[in-house]
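Worksheet: the structure to be examined is printed underneath.
In this chain, numbering begins with 1 at the start of the sequence shown. Heavy atoms only: backbone and side chains are in, while hydrogens, waters and symmetry mates are out.
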Amino acid sequence: MRWLRKTPTVKLTDNTRLIFIDILKGKYRSSAIQSWQEAALLLGLNEYAKTSNDIAIQKEIANFIQTKTDRSGAWIEKPMASDHAILAYAFLNMDFIDHAIYKPAFDETYGMILSLKGEDGTAAYKNHKKDFRFVDTIGFICPFLVTYGLKFNIPEAVDLGINQILEYQKYGMMPHENIPCHTYHVATKIPTGLFGWGRGLGWWVIGLADSWQALPENHAAKKHLEQLMMKTARSVVKFQEASGAFHWLLFDPASRLDSSTVATLAWFYSVGEAIPEIADECHVGKEKALNYLQSVTRRNGAVDFSQGDTKGIGVYSQNFDLLPFTQGFVLRTINL
């Protein structure tokens, strides 16, 4: 709750000296990065509120929403990049608020995503990156699009979210394991950046699991996404350490362990437990992941050693510290 009121800043830079220069240049903090920290905290607190019926948490969430929206239900700070869509998705997850009041904000989010849509029928990460499709975008926009489309009867939104996943599956995955690359080039369909970036896999499984979970059983795409859930789960378990951890670079045992990867995959496993064909391995994987996360939790409850923000294609942070995003997905997992 304290972090939701004042969310710790996730730095744009790995620089730890003379940071006031970065602050003055506007290169220290980004509202886009902060939005997915806040979104994860909301998603985690919401799961806790569901299981505990904690009215204080519900009030805290309602107060937070009021700081982000105006009297008309629109965003105070307009969404400019796909990162912001996951915050709107977090709002849509709140059963105790009237979503109709905030439809202007949801409509603005959908409009932002449509402005990023290319001729290939998928959305870019940001306006200045329209030649590539990023795996991050799967987690940022697909759960929002599916949930928003179902709630407000906009089938085109649902179709866009599903298509984003299916196109990435087609062009952005390893040929022998269902592990994504960081990006693929739209025109050439060539994967670019690292295969096996841990949090990139996290973005993939968030988008896949939450979209699958949101779809009704009679939806035409439900079984297709379920097959991708099973395929991904069977690849993921091969790279989980005996401790329950995952490396930030999945295939390199010399690379640092990353709590943000572990937390997102713990969530994926918890959702995957609902699929009979993978229920057993998902349960084991989830328990191992949670045991590892507990082992890197500070005495004050904060989960440590998450990789910092990525700087660009092929440029990955080597800072491993606290990350509100990780905290939210741990809370989300243990309360599902």
Query raised in the report: Any link between V284 and V262 through a network of hydrophobic side chains (Ile, Leu, Val, Met, Phe, Trp, Tyr) touching at under 4.5 Å?
Result: no
Query raised in the report: Which residue pairs pass the salt bridge (charged side-chain N to carboxylate O under 4.0 Å, His left out) test when at least one of the two sits in residues 181-206, sequence neighbours left out?
Result: none
**Report entry** Interatomic distance, S306 atom OG to F329 atom CZ [nearest 0.5 angstrom]
**Finding:** 12.0 Å
Query raised in the report: Could you give all pairs that pass the salt bridge (charged side-chain N to carboxylate O under 4.0 Å, His left out) test and reach residues 259-271, with sequence neighbours left out?
Result: none
Requested in this report: Dump the intermediate steps for side-chain hydrogen bond (donor to acceptor under 3.5 Å, both in side chains) on H182 and Y316, then the final yes or no.
Outcome: CA-CA 11 Å; H182 191 167; Y316 303 90; 2.7 Å; yes
Report summary line: Tightest non-hydrogen contact, residues S72 and D70, listed as OG-OD1, 2.6 Å
Report task. Specify whether F91 and F64 have parallel, tilted or perpendicular ring planes, treating 30° as the upper limit for parallel and 60° as the lower limit for perpendicular. Result -> perpendicular
Query raised in the report: Do the rings of F132 and F134 sit parallel, tilted or perpendicular, given the 30° and 60° boundaries?
Result: perpendicular
Requested in this report: Spell out, as yes or no, whether a donor-acceptor pair under 3.5 Å connects the side chain of S52 to the backbone of D54.
Outcome: yes
Query raised in the report: Do K238 and E177 meet the salt-bridge criterion of a basic N to acidic O distance under 4.0 Å?
Result: yes
Query - Under 3.5 Å: donor-acceptor pair, side chain of H99, backbone of M94 - result: yes
Query raised in the report: Can you tell me if CE on M80 sees more than 12 non-hydrogen neighbours from other groups inside 6.0 Å?
Result: no
Query raised in the report: Strictly by modelled atom types, are N178 and T232 linked by a side-chain donor-acceptor pair under 3.5 Å?
Result: yes
Requested in this report: Could you tell me whether a side-chain N or O of S259 sits under 3.5 Å from a main-chain N or O of D304, the two making a donor and an acceptor?
Outcome: yes
Query raised in the report: Is the backbone N or O of Y89 less than 3.5 Å from a side-chain atom of N93, with the two atoms forming a donor-acceptor pair by type?
Result: yes
Query - Carboxylate-amine/guanidinium proximity below 4.0 Å for E60 and R5 - result: yes
Query - Residue pair D258 / S260, side-chain donor-acceptor N/O under 3.5 Å - result: yes
Mind listing the side-chain donor-acceptor pairs of residues 191-198 below 3.5 Å, one per line with the distance, residues two or more places apart or on another chain?
residue, atom, partner, partner atom, Å
T192, OG1, T183, OG1, 2.2
W197, NE1, Q307, OE1, 3.2

Query raised in the report: Do other residues, nucleotides or ligands put more than 12 heavy atoms under 6.0 Å from the CD atom of E241?
Result: yes
Report task. Taking atom types as modelled, find out whether T109 and W75 have a side-chain donor-acceptor pair closer than 3.5 angstrom. Result -> yes
Query raised in the report: Does D321 come within less than 4.0 Å of R298, counting only side-chain N to carboxylate O?
Result: yes
